[in-house]
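As structure tokens, the structure follows; a few thoughts come after it.
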Amino acid sequence: MSAQREVNQSWYVLYTHPKQEARAANNLAAWGLETLFPRIKEGRGSMHRQATPIAKPLFPRYIFARFDANLLFQKVCFTRGVHSVVNFGGMPAPVDDEIIKLIKSQLGADGLVNLREEFKPNDKVIIKGGPLKNMVGIFLREVSQGARVAILLDAVSYQGQLIIEREYMRRLAPAHGMKNRS
């Protein structure tokens with residue numbers, strides 16, 4: 001690709017047909033366009049069996065593509081899976097490169113965006129929901145493929161280990177100077 005074409009390229013948001021994000025991204029990539037289709041891992045399961053993680057779009061029906069709109073706008077619009085290029089005032093609206101860099105920086109080794117808060121042993125945490133809501137503890141470790149965590153609760157004359165769903169806790173502050181009680 002020539003240097004001049006490279007200069008005129010920008011990132012754009014593409015609106016896809018329902019559940020066609022991957023199809024649109026793959027078709028555009030086949031033409032040599034750089035695409036970004038951010039996905040997240042979401043658990044699916046029931047009360048009786050463990051959740052099976054699946055990849056879902058971070059922005060359902062939207063993907064990003066980098067191209068020269070003066071040369072490829074029509075071709076992109078008529079790509080299978082693409083509904084339209086997001087625009088304002090009838091002109092394709094470019095996305096700032098910093099936004100794309102930010103999204104890419106959140107991609108893990110598995111290619112998925114990591115939205116969940118990461119905990120380190122001895123982090124001070126608070127339980128966000130359930131019957132133990134607002135109780136404070138110390139994060140010990142992840143269990144059962146990271147969906148659950150073990151924390152050490154310290155309540156009035158009682159100290160005990162608890163295993164809870166990860167989504168029910170958040171970090172309070174780094175536990176500097178606290179002893180490892182595990």
Which donor-acceptor pairs under 3.5 Å do side chains of residues 131-141 form with protein atoms, sequence neighbours excluded?
none

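- Not a single donor-acceptor pair under 3.5 Å links the side chain of Asn8 to the backbone N or O of Asp68.
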Side chain to side chain contact (heavy atoms under 4.5 Å, CB included) evaluation trace for Lys75 with Phe67: CA-CA 11 Å; Lys75 187 173 185 176; Phe67 60 94; over 6 Å; no
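- Partners of Phe37 by ring-ring contact (aromatic ring centres under 6.0 Å, His included), not counting sequence neighbours: none found.
- Applying the salt bridge (charged side-chain N to carboxylate O under 4.0 Å, His left out) test to every pair with at least one member in residues 12-26, sequence neighbours left out, gives no pairs at all.
- Residues satisfying the ring-ring contact (aromatic ring centres under 6.0 Å, His included) test with His17, not counting sequence neighbours, are His83.
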Check residues 86-96 and write down every donor-acceptor pair under 3.5 Å in which the side-chain atom is one partner and the other belongs to a residue at least two apart or another chain.
{"unit_1": "Asn87", "atom_1": "ND2", "unit_2": "Val85", "atom_2": "O", "d": "3.2"}
{"unit_1": "Asp96", "atom_1": "OD2", "unit_2": "Glu98", "atom_2": "N", "d": "3.0"}

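- Note that the CG atom of Leu107 and the CZ atom of Arg39 stand 9.0 Å from one another [nearest 0.5 Å].
- Here the OG1-CG distance, from Thr79 to Asn26, works out to 12.0 Å after rounding to the nearest 0.5 Å.
- Evaluation of the side chain to side chain contact (heavy atoms under 4.5 Å, CB included) rule for Asp97 yields Trp11 as partners, not counting sequence neighbours.
- Ile103 and Leu112 sit in two unconnected hydrophobic clusters of ILVMFWY residues. Membership requires side-chain heavy atoms under 4.5 Å apart, directly or through other members.
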Derivation and outcome, side chain to side chain contact (heavy atoms under 4.5 Å, CB included), residues Arg66 and Ile100: CA-CA 10 Å; Arg66 187 169 183 259; Ile100 300 300; over 6 Å; no
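- Among residues two or more places apart in sequence or in another chain, the side-chain hydrogen bond (donor to acceptor under 3.5 Å, both in side chains) test is passed with Lys104 by Glu34.
- With a 4.5 Å cut-off on side-chain heavy atoms, Phe59 and Phe64 count as touching.
- The side chain to side chain contact (heavy atoms under 4.5 Å, CB included) test applied to Ala24 returns Thr16, Ile63, Val82, not counting sequence neighbours.
- Atoms OG1 and CG, from Thr35 and Asn27 in turn, are 10.5 Å apart once rounded to the nearest 0.5 Å.
- Taking the centre of each ring, Tyr62 and Tyr15 come in below the 6.0 Å mark.
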Check against side chain to side chain contact (heavy atoms under 4.5 Å, CB included), Leu33 and Leu72: CA-CA 10 Å; Leu33 297 184; Leu72 298 173; 3.7 Å; yes
